[in-house]
Amino acid sequence: MQKLSYYENEFCEYWIDDYGVVHEIFKDSFKILNLEIAKVIVKDRLTVSNGVARPLYVELGKATKLDRAANRYLSTGPAMECLTATGILVRDQIEKFGANLYTGFFAPSVPTKFFTDKEKAHSWLRHYTQDVLN
């Protein structure tokens, strides 16, 4: 699989795969997501997307804390630009339960689903690519 439009910052690696899914992979050294970092991550994802609405695959890695302001920002406004859906890989069912509470509370404006299986996440996201939506 190719990594198109690859970009890296101190928090994440980003690329677009052959299906048109944007990958946002948090680095293992990254632990806490606050509002300032959330804005950087969104800006860089939008750059990689190049103005095209695409599904987003996220691996949080070892990130252990997302503050309330970051959660609110990531589910509204600019953070939802150029997204058709978001699939987020979590480590286990307990994280998945907590993440689903997040979705209920912050209500992202695009379909958002949490997975413990990477392949299931990719399969689900492919339903939201431009080729399928058009």
Side-chain angles (χ1 to χ4, degrees):
M1 180 178 301
Q2 293 184 15
K3 291 184 178 182
L4 308 169
S5 298
Y6 182 86
Y7 182 76
E8 182 176 356
N9 64 26
E10 62 189 289
F11 313 112
C12 300
E13 291 181 80
Y14 310 81
W15 68 86
I16 300 170
D17 69 19
D18 297 335
Y19 296 99
V21 175
V22 175
H23 291 244
E24 184 177 279
I25 312 300
F26 283 78
K27 295 182 177 180
D28 283 343
S29 60
F30 182 78
K31 303 289 186 238
I32 300 172
L33 180 58
N34 61 31
L35 180 58
E36 180 182 318
I37 294 169
K39 288 180 178 181
V40 170
I41 290 167
V42 168
K43 178 185 74 64
D44 290 345
R45 181 200 37 94
L46 288 170
T47 299
V48 170
S49 294
N50 199 27
V52 176
R54 302 175 186 277
L56 174 64
Y57 170 75
V58 178
E59 282 185 24
L60 294 173
K62 295 183 179 180
T64 56
K65 183 177 180 197
L66 285 76
D67 73 21
R68 183 178 287 271
N71 278 333
R72 189 175 304 112
Y73 177 79
L74 290 171
S75 61
T76 60
M80 294 289 105
E81 289 178 21
C82 293
L83 285 181
T84 58
T86 303
I88 302 170
L89 186 70
V90 293
R91 290 180 285 260
D92 54 40
Q93 291 297 329
I94 294 169
E95 275 190 3
K96 186 175 179 181
F97 176 77
N100 283 320
L101 289 176
Y102 152 83
T103 305
F105 187 75
F106 289 102
S109 60
V110 298
T112 301
K113 194 168 178 180
F114 297 88
F115 297 88
T116 56
D117 181 288
K118 185 185 289 193
E119 290 309 313
K120 287 181 181 177
H122 288 289
S123 178
W124 181 77
L125 286 167
R126 288 182 192 129
H127 291 94
Y128 295 94
T129 61
Q130 289 301 321
D131 290 344
V132 174
L133 293 175
N134 289 331

Query - Flag if over 12 foreign heavy atoms under 6.0 Å of CD, Glu8 - result: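 Atom CD in Glu8 is crowded, with more than 12 foreign heavy atoms closer than 6.0 Å.
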Query - Enclosure of Lys27 NZ (heavy-atom neighbours >12, cutoff 6.0 Å) - result: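 Count over threshold, so yes.
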Hey, are the side chains of [X] and [Y] touching, using non-hydrogen atoms and a 4.5 Å cut-off?
{"X": "Leu89", "Y": "Val58", "answer": "no"}
{"X": "Val22", "Y": "Trp15", "answer": "no"}
{"X": "Tyr6", "Y": "Glu13", "answer": "yes"}
{"X": "Phe26", "Y": "Ile41", "answer": "yes"}
{"X": "Asp44", "Y": "Tyr7", "answer": "yes"}
{"X": "Glu24", "Y": "Leu56", "answer": "yes"}
{"X": "Tyr73", "Y": "Val42", "answer": "yes"}

Query raised in the report: Going hydrophobic residue to hydrophobic residue with side-chain gaps under 4.5 angstrom, can you get from Val40 over to Leu74?
Result: yes
Taking atom [atom1] of [X] and atom [atom2] of [Y], what is their separation to the nearest 0.5 Å?
{"X": "Leu83", "Y": "Leu46", "atom1": "CG", "atom2": "CG", "value": "7.5 Å"}
{"X": "Thr116", "Y": "Ile88", "atom1": "OG1", "atom2": "CD1", "value": "13.5 Å"}
{"X": "Arg72", "Y": "Leu35", "atom1": "CZ", "atom2": "CG", "value": "9.0 Å"}

Judged by atom type as modelled, is there a donor-acceptor pair below 3.5 Å linking the side chain of [X] to the main-chain atoms of [Y]?
{"X": "Ser49", "Y": "Arg45", "result": "yes"}
{"X": "Thr129", "Y": "Leu125", "result": "no"}
{"X": "His127", "Y": "Trp124", "result": "yes"}
{"X": "Lys31", "Y": "Asp28", "result": "yes"}
{"X": "Thr84", "Y": "Tyr128", "result": "yes"}

**Report entry** Side chains of Tyr57 and Asp17, donor plus acceptor under 3.5 Å
**Finding:**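 Absent: no donor and acceptor within the cut-off.
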**Report entry** Distance-only polar pair, side chains of Asp67 and Asn34, donor-acceptor under 3.5 Å
**Finding:**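 The answer is no; no qualifying pair exists.
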Requested in this report: Could you give me the CA-CA distance, side-chain angles and deciding distance for Ile37 and Phe30, then say whether side-chain contact (heavy atoms from CB on, under 4.5 Å) is met?
Outcome: CA-CA 11 Å; Ile37 294 169; Phe30 182 78; 3.7 Å; yes
Query raised in the report: Can you list the steps and then say if Thr112 with Val110 is a side-chain contact (heavy atoms from CB on, under 4.5 Å)?
Result: CA-CA 6 Å; Thr112 301; Val110 298; 4.1 Å; yes
Query raised in the report: Taking all non-hydrogen atoms of both residues, which atom of Met80 and which atom of Ser109 are closest, and how far apart?
Result: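 Met80 and Ser109 have their closest heavy atoms at CG-OG, 3.2 Å.
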Query raised in the report: Shortest non-hydrogen contact from Gly20 to Pro55?
Result: O-CD, 3.8 Å
**Report entry** For Ile16, the option from His23, Arg54, Lys3 that meets side-chain contact (heavy atoms from CB on, under 4.5 Å)
**Finding:** Arg54
